[in-house]
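Letters go in sequence order (proteins before strands), and every chain restarts at 1. Excluded from the calculations below are hydrogen atoms, water molecules and symmetry mates; all remaining heavy atoms, backbone and side chain alike, are included.
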Number of protein chains: 2
Amino acid sequence: MQEISDDGLTLQVHRRLRADLLNGRIAPGSKLKVQAIGAAYGAGASPVREALSSLAAEGLVQRIEGRGFRAAPATVGEFDELVRARCWLEEVVLRESLSAGDAAWEEALVVAQWRLRRLDRGDAAWEAAHAAFHRALLAACPSSTLRDMAETLRERAERYRALARPAAYPGRDVGAEHHAIAETALARHVPRAIMLLKEHYERTADFLRTALAAR
Amino acid sequence: MQEISDDGLTLQVHRRLRADLLNGRIAPGSKLKVQAIGAAYGAGASPVREALSSLAAEGLVQRIEGRGFRAAPATVGEFDELVRARCWLEEVVLRESLSAGDAAWEEALVVAQWRLRRLDRGDAAWEAAHAAFHRALLAACPSSTLRDMAETLRERAERYRALARPAAYPGRDVGAEHHAIAETALARHVPRAIMLLKEHYERTADFLRTALAAR
DNA sequence: AAGCAGCATTTTATCGATAGAATAGGTCCC
DNA sequence: GGGACCTATTCTATCGATAAAATGCTGCTT
């Protein structure tokens, strides 16, 4: 009999809540009632509360002393701050990744880019492939701490993308941008790769910003 | 009647545990039994468990599915990784702080350095003043996210300092290092300030590394 | 002396219950 | 009509109890 990832109610609830928060199924700022969540996921107060505590420490949830938890708000201001932090952080992570990347890293990056290229946005698998591509780009940075931080920021950014759900990015060839980034990274043109990556983020941010404001 | 920071048992336990972990009163890797902690702090299982969940998300505690929590281990390897991450992260945070710092920032930095200078290491207030100095240095970086990340890393590093408790830093004038950093920062010599800060960290790391290994 | 089966003791994870705080209505007075 | 006030209901925070799992012993066997 196969065990289906049965590692404690707390972790299960944590995972599901996190997923629901990240892909926008739970609206920012909405109240997270312990009982309701418990009922939905078939758990009592304790596991739910623990899961919420973790998520609060991760910044996806706010704990308001004496009045429970709510989904972290999503404002244009916070989004701007997020994008800025991401650009500055990934600047050094990418630099170090390029400086340490070996042949295996190169190959993994090429594969990730290839997988991403053959998918179409809107395709269910695209999100995952996109995340994998950006992860592969930074994967060779020797500091797992910094890689994890970059990953955290990427997740938060994806939450905004899910919330904005822009029908498309008009007048933009995202595939080409990814291609250029990968090529430049493989050629180890450090400053240029950093610049392209930042522009990539800024450009996405511009679209999301308007999409968010227009909600 | 004055209310003494009475915001929920969970938060109280969280604060106390965090403090005990950071200053080494709780040894790395030691088991954190819910009941024992609850008894010590006068709380039941739920608040303790929530506090531990938060701390686990912050990385100060490990949750091992099915067998409770333990204090995060402290190894020389992780310490090296920590120092490296800190150098790379603060490189950009300091750069941006220098580029955005205004007159108020300068004055706050001067004050922080002054306060630090008049204290002696070993003085109870030194730790706090030292933390304040480094915080002041980075305070003008516009990204609160990155500042918070730097703060997190600083806390972890202080845990190692507390664990190693080197009697002194022989043949080293820490005060002079701080002075040089402040002066260079105020003069906006960006690359030089970054270099000095990194050297400052590396040098401390060297002492701690030997102190840790010799435990 | 190493290994191990089985029993006793701890500990974890989780539930259900409950006191007290917060919220949402509804009412009455100016 | 707009508050101020009171009340019913809803939630939160926290406790105590408990089943299941893990750990630690003990003594038997080879």
Side-chain angles (χ1 to χ4, degrees), chain A residues 1-21 25-73, chain B residues 1-21 25-73:
Chain A
M1 203 27 123
Q2 207 214 318
E3 272 278 354
I4 305 180
S5 95
D6 183 30
D7 36 13
L9 271 179
T10 298
L11 286 192
Q12 290 181 54
V13 174
H14 181 277
R15 265 197 304 273
R16 295 191 53 181
L17 271 178
R18 139 181 291 250
D20 286 348
L21 285 164
R25 266 193 297 272
I26 295 180
S30 59
K31 191 115 208 352
L32 299 172
K33 303 184 206 173
V34 175
Q35 307 193 38
I37 297 171
Y41 295 168
S46 316
V48 173
R49 208 145 233 292
E50 280 179 44
L52 286 171
S53 295
S54 291
L55 291 167
E58 293 171 44
L60 283 174
V61 156
Q62 271 184 320
R63 145 178 257 144
I64 313 182
E65 203 52 34
R67 60 197 56 177
F69 301 86
R70 46 190 33 200
Chain B
M1 209 22 128
Q2 207 211 316
E3 272 278 356
I4 305 180
S5 92
D6 182 31
D7 34 15
L9 270 179
T10 298
L11 285 192
Q12 290 181 55
V13 174
H14 181 277
R15 263 197 305 274
R16 294 192 56 180
L17 272 178
R18 139 180 291 248
D20 286 349
L21 286 164
R25 265 193 298 271
I26 295 179
S30 58
K31 191 117 208 352
L32 299 171
K33 304 183 205 173
V34 175
Q35 306 194 42
I37 297 171
Y41 295 170
S46 316
V48 173
R49 208 146 233 293
E50 280 178 44
L52 286 170
S53 295
S54 291
L55 290 167
E58 293 170 44
L60 284 174
V61 157
Q62 271 184 321
R63 144 178 257 144
I64 315 183
E65 203 52 33
R67 59 197 57 176
F69 301 85
R70 46 190 34 200

Exercise. Quick one: are B:Arg49 and B:Arg63 in side-chain contact, heavy atoms under 4.5 Å?
Worked result: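 Yes, at least one pair of side-chain atoms sits under 4.5 Å.
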
Length of the line joining [X]:[atom1] and [N]:[atom2], which is rounded to integer Å:
X: A:Glu65; N: C:dA22; atom1: CD; atom2: C1'; result: 14 Å
X: B:Gln35; N: D:dG16; atom1: CD; atom2: C1'; result: 11 Å
X: A:His14; N: C:dT14; atom1: NE2; atom2: C1'; result: 18 Å
X: B:Arg49; N: C:dC15; atom1: CZ; atom2: P; result: 11 Å
X: B:Leu11; N: D:dT14; atom1: CG; atom2: P; result: 8 Å
X: B:Arg63; N: C:dT11; atom1: CZ; atom2: P; result: 18 Å
X: B:Ile37; N: C:dT11; atom1: CD1; atom2: P; result: 12 Å
X: B:Lys31; N: C:dT11; atom1: NZ; atom2: P; result: 8 Å

For this session: Take A:Gly44 and A:Gly66, find for each the nucleotide of DNA chain C with the closest heavy atom, and name the residue whose nucleotide sits nearer the 5' end.
Result: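 The residue closer to the strand's 5' end, by nearest nucleotide, is A:Gly44.
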
Problem set entry | Phosphate OP1/OP2 of D:dT14 contacted by B:Thr10 side-chain N/O (<4.0 Å) |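 B:Thr10 to D:dT14 OP1/OP2: side-chain N or O found under 4.0 Å.
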
Give the minimum heavy-atom separation between [X] and [Y], together with the two atoms involved.
X: B:Ser53; Y: A:Ser53; result: CB-CB, 4.4 Å
X: A:Val48; Y: A:Ala43; result: CG2-CB, 4.3 Å
X: B:Ala57; Y: A:Glu58; result: CB-CG, 4.3 Å

For this session: Taking only the side-chain heavy atoms of A:Pro47 (C-beta and beyond), determine which of D:dA22, D:dT12, C:dT14 contains the nearest atom.
Result: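 Selected nucleotide: C:dT14.
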
Exercise. Which one, D:dA22, C:dT14, C:dA22, comes nearest to the side chain of B:Arg67?
Worked result: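 Among the listed nucleotides, the one closest to the side chain of B:Arg67 is D:dA22.
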
Exercise. When you match A:Ser46 and A:Gly68 each to their closest nucleotide on DNA chain D, which lands nearer the 5' end?
Worked result: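 Its nearest nucleotide being more 5', the pick is A:Gly68.
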
